[in-house]
Amino acid sequence: MRVIAGEARGRQLFAPKTMRVRPTSDRVKEALFSILLSRLGDLGGMRVLDVFAGTGNLGIEALSRGADCAVFIDAHRESAEAIRKNLETTRFTEKGKVVTQEAAAALKWLARGEKPFHLVFLDPPYGEGHTERVLELLSSSPLIDAGSTVVAEFAAKEDIPRSFGRLTEIERRVYGDTSLSFLTISDRGETCP
């Protein structure tokens with residue numbers, strides 16, 4: 001596992017020796033960032049939130065490609081240590097903050113003091129219902145606004161809805177056994193008859 005592009009290109013990332021961590025493959029990560037760059041232009045100046053961060057793979061890739069800062073959430077101490085080590089290896093320690101807490105509790109805590117994020121990555125363990133729970137929570141959270149893009153990664157065989165409250169899927173791609181869903185806040189303004 002490595003950083004694909006940008007300032008830290010080619011740097012190897014550390015992954016804890018546990019079956020719990022399933023880093024996004026380079027192939028899927030390359031496709032994900034290609035789609036993001038075609039939609040957003042570049043990541044310069046963006047604030048990034050990486051939920052179920054694992055190794056910090058996605059948030060660190062965003063930092064390498066120009067994002068200003070990233071907050072990484074993971075409930076497991078060994079994952080939090082891996083993220084810190086990877087931030088140090090890539091020289092992004094000053095741009096990253098690691099929150100070692102369960103996702104829902106961390107999001108509620110962050111909502112009290114953080115501005116909305118431009119980009120949110122959600123890569124939970126497959127098939128455990130985390131994707132739907134966190135997307136539902138994010139849909140009403142002040143951590144996202146009309147300028148936010150949420151990217152959820154989940155197993156292709158999972159039947160994940162295409163909308164959650166004000167969050168609506170704008171694109172879904174499947175790569176082998178992995179699905180990527182790109183969501184934004186929908187404009188559901190009422191129109192006159």
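For the pair M1/Q12, no side-chain contact is recorded, criterion being any heavy-atom separation below 4.5 Å from C-beta on. The closest side-chain heavy-atom distance from E132 to I160 is below 4.5 Å. With contacts defined as side-chain heavy-atom distances shorter than 4.5 Å, the pair V48/V71 does not qualify. Within the 4.5 Å cutoff, side-chain heavy atoms of R84 are placed close to those of E81. Within the 4.5 Å cutoff, the side chain of R173 has heavy atoms near those of the I35 side chain. Taking 4.5 Å as the limit, every side-chain heavy atom of T184 sits out of range of all side-chain heavy atoms of T168. Contact check for E7 versus R91: no side-chain heavy atoms found under the 4.5 Å cut-off. When side chains are defined from C-beta on, F14 does not count as touching T89, because their heavy atoms never get closer than 4.5 Å.
H118 places no side-chain N or O within 3.5 Å of a backbone atom of S148 that could act as its donor or acceptor partner. Of the possible polar contacts, none joining the N86 side chain to the G56 backbone as a donor-acceptor pair under 3.5 Å is found. The backbone N or O of G54 lies less than 3.5 Å from a partner atom in the side chain of D74, making a donor-acceptor pair. Although no hydrogens or angles enter the test, the distance criterion places a donor-acceptor pair under 3.5 Å between the side chain of R47 and the main chain of K115. Remark: side-chain polar atoms of D50 are not paired, donor with acceptor, to backbone N or O of F72 under 3.5 angstrom. Checking side-chain atoms of R162 against main-chain N and O of E169 turns up no donor-acceptor pair under 3.5 Å.
Heavy-atom neighbours of K95 NZ from other residues, nucleotides or ligands within 6.0 Å: above the threshold of 12. Open room surrounds CZ on R9; 12 or fewer heavy atoms of other groups in view lie less than 6.0 Å from it. The number of heavy-atom neighbours closer than 6.0 Å to CD of E158, taken from other residues, nucleotides and ligands shown, is above 12.
Screening residues 60-69 for side-chain hydrogen bond (donor to acceptor under 3.5 Å, both in side chains), with sequence neighbours left out, gives K29-E61, E61-R65. Sorted by first and then second residue, the salt bridge (charged side-chain N to carboxylate O under 4.0 Å, His left out) pairs involving residues 133-151 (not counting sequence neighbours) form an empty list.
Placement of I4 and I83 in two distinct hydrophobic clusters is found when ILVMFWY residues are connected by side-chain heavy-atom separations under 4.5 Å, directly or transitively. Note: the hydrophobic cluster containing L43 does not contain F92 (ILVMFWY, side chain heavy atoms under 4.5 Å, direct or indirect links).
Note on K85 versus E78: no salt bridge recorded, every NZ/NE/NH1/NH2 to OD/OE distance being 4.0 Å or above.
Residues meeting the side chain to side chain donor-acceptor pair (under 3.5 Å) test with T149, sequence neighbours left out: none.
A distance of 6.0 Å or more separates the ring centres of F121 and F182.
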